Amino acid sequence: MRLRLCLCLLAPAALLALAACTPPPGPAGRVIDKATTYRPATKTRDWTLTVRTADGHTARFTVSPAAYDACRRGSSYPACTR
């Protein structure tokens, strides 16, 4: 009984923690560049997109690996992530 109660309380907390791990969305625009950065000391990787917004500015921001794979150069962000 205690195990079920513990699982019922921990499951939503785990889901909330995983949801907080996704980077915030970047501005809408046309993807003009993609880059990955690998950090050997921590064995982590960052996936970044660079977009050109409607007003002509460029913005570089971190995305999830799935968004990085889905968005090709020339595609429209964030529509390419859906």
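Computed from a prediction, not measured in an experiment: that's the story for all the values here.
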I'd like a table of donor-acceptor pairs (distance under 3.5 Å, sequence neighbours excluded) in which one partner is a side-chain atom from residues 62-73, with atom names and distances.
from : atom 1 : to  : atom 2 : distance (Å)
S64  : OG     : A67 : N      : 3.2
R73  : NH2    : D33 : OD1    : 3.4
R73  : NH2    : K34 : O      : 3.4

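Of all non-hydrogen atoms in P27 and T53, the two that sit nearest each other are CB-CG2, 4.1 Å.
Counting only residues at least two apart or on different chains, the salt bridge (charged side-chain N to carboxylate O under 4.0 Å, His left out) pairs with a member in residues 37-55 are R39-D46.
Within the model, atoms CZ of F61 and CH2 of W47 stand 15.5 Å from one another, a figure rounded to the nearest 0.5 Å. With rounding to the nearest 0.5 angstrom, the OG atom of S75 is 11.5 Å from the CD1 atom of I32.
With hydrogens and angles ignored, the 3.5 Å screen pairs a side-chain donor or acceptor of T48 with a backbone N or O of A35.
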